[in-house]
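Just so it is clear, the model here is predicted, and its values are computed rather than measured. Below, chain A is the first sequence line, B the second, and so on; all start at residue 1.
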Amino acid sequence: MTITALRGTYDILPPQSYIWEKAESQARKMFALYGYSELRTPIIEQTQLFSRSIGENTDIVSKEMYTFADRKGRSITMRPEATAPVVRAYIEHKLYKDQSLCKFYYIGPMFRYERPQAGRNRQFYQLGTEILGTEHPYHDAESISLAVSYFKSLGIDNIVVKINSVGDAESKQKYNSILKNFFAGSLDTMCPDCNTRFEKNTLRMLDCKVPACKEIIKNAPPLNENLNDASKTHFESVLALLDKMKIAYEIEPRLVRGLDYYTNTIFEITHSHLGSQDALGGGGRYNNLIAEMGGPQTGAVGFAVGIDRLVIVLEKMTANNSTITAGSDLDLYILNLDNALFTDHAELLHSLRQHDIRADICTEQKSFKAQMRSANKANARFVLIQGQNERDNNIFKLKDMINGTEEDIKTINNNVDIDKLVERIRQS
RNA sequence: GUGGGUGUAGCUCAGUUGGUUAGAGCGUCUGGUUGUGGCCCAGAAGGUCGACGGUUCAAAUCCGUUCACUCACCCCA
């Protein structure tokens with residue numbers, strides 16, 4: 001039996017890899033534009049980091065983590081998300097001492113042990129940002145506007161920004177008890193999931209899709225009417241900034257996220273071309289996490305984009321119009337017509353590449369026609385032809401593959417004037 | 001973890017009520033007069049029919065088991 005990639009993991013082959021490169025390089029451009037610096041954290045961390053930050057009772061921690069014991073019996077987990085590691089690094093290196101505000105971005109693989117489906121894998125990729133050391137509503141709005149601008153810069157339309165506020169710690173706690181009181185009487189008519197959620201994460205009952213539960217949820221006291229003044233003001237400021245930036249959004253009072261650390265603003269960006277896993281990105285504010293993890297009491301906000309899902313959308317776009325194309329074309333392809341000349345050609349190839357000419361050489365001894373076919377397949381702009389005939393006449397032939405013409409390039413002792421040749425190739 | 005769908009050539013897929021040597025298109029390779037690509041034409045290579053077991057004179061086809069892929073639930077990016 002041949003060895004295959006693990007379930008939920010996959011190889012990214014060309015030409016698909018060009019789409020990934022494009023998505024990532026465009027992200028780096030946008031992050032630079034908005035003043036973010038890259039922060040790379042390890043893929044493995046102490047298990048505690050995630051169980052404490054994301055929440056012991058969340059789905060991610062309770063059933064989806066890649067956790068194992070290392071050779072000394074320590075519990076190690078492959079990161080299921082990047083916010084906790086970034087916060088850990090922020091605290092570990094006391095970055096809050098350098099400046100009041102830190103703006104970071106990250107790009108890399110994350111791991112969750114789930115059943116794979118459209119747009120969901122066990123090793124998946126995220127790019128995202130975190131702004132640490134701020135409670136200012138502007139930074140909530142900037143996170144959203146950055147994500148939206150990034151998608152637009154890739155030519156993606158049809159995105160929907162969904163936004164909500166879960167309020168600060170005080171509001172969350174208060175609303176939680178209001179909800180418990182409300183649902184307590186109806187538990188026996190609600191689904192098993194809702195019954196466990198009632199104990200572990202009451203907020204998420206609002207998100208249930210079972211029809212019978214929905215009926216009951218409809219009459220639940222809405223989240224946004226139970227925010228305290230500070231939370232309400234913060235949320236309104238965020239919305240006002242989005243309005244100023246002309247970023248469209250939908251307020252989703254039932255939007256709840258499955259990570260415990262969120263406070264105040266939470267948001268999600270969805271796209272209609274995706275399957276049932278339609279969230280292209282999401283994020284929110286976490287004002288208490290840094291303090292809970294042993295840092296100063298200071299706020300932060302961030303978002304993450306699922307690159308796998310983004311690539312799905314981009315692929316569907318390129319199927320219609322080819323905005324993003326593969327780019328492995330050659331400037332020059334050197335034929336191999338006579339073994340005695342091969343080392344000369346290899347030497348020439350080497351110096352052409354040192355002059356930034358994209359070039360390659362045929363190493364197979366096959367027919368002229370077959371070598372020309374290879375040159376054509378490699379999408380070479382020019383083909384360099386030299387067999388014994390040309391060698392005897394002290395020339396190379398340079399064939400233009402677009403119009404089919406050939407010209408002679410003079411050689412002395414089978415050396416060309418490399419600068420002239422480079423210039424000639426660049427002209428086209 | 002639960003449920004549905006699908007496994008035949010490198011890729012996309014045909015394959016009759018079980019019946020000779022399992023096919024097509026695309027791709028690959030080689031030719032179409034001495035050393036010239038694309039287009040066209042010809043030919044070739046390439047398969048343990050996902051794996052294992054069963055029924056049968058005979059299985060890609062029927063049955064069982066298993067694995068993988070895929071979609072959905074849960075949840076998330």
Side-chain angles (χ1 to χ4, degrees), chain A residues 1-10 13 54-55 57-65 79-83 106-128 147 191-194 196-197 201 204 207-210 255-259 262 266-271 274-284 302-313 333 335-338 362 364 366-390 397-406:
Chain A
M1 201 51 190
T2 50
I3 297 171
T4 57
L6 289 172
R7 160 166 262 194
T9 70
Y10 62 106
L13 310 171
I54 298 170
N57 293 322
T58 59
D59 282 13
I60 294 176
V61 172
S62 63
K63 58 180 197 187
E64 292 172 2
M65 292 209 301
R79 60 180 188 194
E81 57 107 45
T83 300
Y106 58 85
I107 299 179
M110 309 293 159
F111 305 84
R112 288 181 204 172
Y113 193 89
E114 301 181 272
R115 277 287 279 276
Q117 84 190 65
R120 184 162 68 193
N121 297 292
R122 287 182 176 179
Q123 175 171 340
F124 61 105
Y125 299 81
Q126 285 187 340
L127 54 87
C191 72
D193 281 338
C194 277
T196 53
R197 286 184 192 120
N201 197 339
R204 268 200 300 154
D207 212 13
C208 188
K209 278 133 200 156
V210 176
L255 179 64
V256 183
R257 318 210 84 234
L259 294 91
Y262 284 119
I266 53 175
F267 62 93
E268 205 169 277
I269 299 176
T270 60
H271 192 280
L274 292 165
S276 76
Q277 310 304 317
D278 63 351
L280 213 44
F303 78 90
V305 170
I307 308 178
D308 309 51
R309 293 179 186 176
L310 176 61
V311 168
I312 292 172
V313 172
Y333 189 78
L335 298 196
N336 177 15
L337 302 175
D338 189 329
C362 183
E364 282 177 280
K366 49 186 183 180
S367 72
F368 203 119
K369 181 200 276 277
Q371 293 195 40
M372 284 302 292
R373 279 182 173 154
S374 301
N376 191 59
K377 214 165 50 185
N379 220 350
R381 182 68 177 78
F382 290 99
V383 174
L384 198 146
I385 301 165
Q386 189 190 45
Q388 203 53 52
N389 290 347
E390 288 82 6
K397 275 183 181 165
L398 190 65
K399 173 158 182 162
D400 184 323
M401 293 294 276
I402 289 178
N403 55 34
T405 57
E406 287 179 15

In whole Å, measure the gap between the [atom1] atoms of [N] and [M] for me.
N	M	atom1	answer
B/U16	B/A60	C1'	13 Å
B/C71	B/C52	P	28 Å
B/G15	B/U61	P	15 Å
B/G50	B/A42	P	32 Å
B/G54	B/G25	C1'	37 Å
B/G7	B/U65	C1'	16 Å
B/C29	B/A68	C1'	31 Å
B/U55	B/C62	C1'	8 Å

Is there a donor N/O on one and an acceptor N/O on the other, under 3.5 Å, for the side chain of A/R120 and the base of B/C75? yes
Is there, by distance only and without an angle test, a donor paired with an acceptor across the side chain of A/E64 and the base of B/C75 below 3.5 Å? no
Under 4.5 Å between any side-chain heavy atoms of [X] and [Y], yes or no?
X	Y	value
A/I54	A/P80	yes
A/Q277	A/I312	no
A/L280	A/E268	no
A/F267	A/F303	yes
A/M401	A/V383	yes
A/Q371	A/L337	yes

A/Y113 atom OH, over 12 foreign heavy atoms within 6.0 Å: no
Could you please spell out the steps behind the salt bridge (Lys or Arg N to Asp or Glu O under 4.0 Å) verdict for A/R381 and A/D400? CA-CA 6 Å; A/R381 182 68 177 78; A/D400 184 323; 2.6 Å; yes
Which is true for [X] with a 4.0 Å heavy-atom rule: it touches a base, it touches only sugar-phosphate, or it touches nothing?
X	result
A/G128	nothing
A/A118	sugar-phosphate
A/E114	base
A/R115	base
A/L310	nothing
A/D338	nothing

Which residues share a side-chain contact (heavy atoms from CB on, under 4.5 Å) with A/A118, sequence neighbours left out: none
List for me each residue that meets side-chain contact (heavy atoms from CB on, under 4.5 Å) alongside A/S276, sequence neighbours excluded, and say none if there are none. A/Q117
Classify the side-chain pair A/D308/A/Y10 by whether it contains a donor and acceptor separated by less than 3.5 Å. yes
Contact nearer the 5' end of RNA chain B, comparing A/E364 with A/E268: A/E364
Relative to the 5' end of RNA chain B, which residue comes earlier, A/K366 or A/V256, by the nucleotide with the nearest heavy atom? A/K366
Of the non-hydrogen atoms in A/Q123 and A/P109, which two are nearest, and what is the gap between them? NE2-CB, 3.5 Å
In 5'-to-3' order, the base (B), backbone-only (S) or no-contact (-) status of each nucleotide in nucleotides 31-41 of chain B, using a 4.0 angstrom heavy-atom cut-off, is BB--BBBB---
Separation of [N] [atom2] from [X] [atom1] (nearest whole Å):
X	N	atom1	atom2	result
A/L255	B/C75	CG	P	13 Å
A/D278	B/C71	CG	C1'	15 Å
A/R204	B/C75	CZ	C1'	7 Å
A/R257	B/C75	CZ	P	13 Å

Would you say [X] places a side-chain N or O within less than 4.0 Å of OP1 or OP2 belonging to [N]?
X	N	result
A/Q277	B/C74	no
A/Q117	B/C71	no
A/S276	B/C73	yes

Identify the pairs formed between an N or O of the protein and an N or O of nucleotides 7-11 of chain B at a distance under 3.5 Å, and give each distance.
none

Convert the base pairs of RNA chain B into dot-bracket notation, remembering that pairs crossing earlier ones are written with [ ] and that bases paired across to another strand are shown as |; include only Watson-Crick or G-U pairs under 3.5 Å. (((((((..((((.....[...)))).(((((.......))))).....(((((..]....))))))))))))....
Please list, chain by chain and in numerical order, all residues satisfying salt bridge (charged side-chain N to carboxylate O under 4.0 Å, His left out) with A/R122, sequence neighbours excluded. none
OH-NZ distance between A/Y333 and A/K377, expressed to the nearest 0.5 angstrom: 9.0 Å
Side chain of A/R7: nearest nucleotide among B/A77, B/C74, B/U70? B/U70
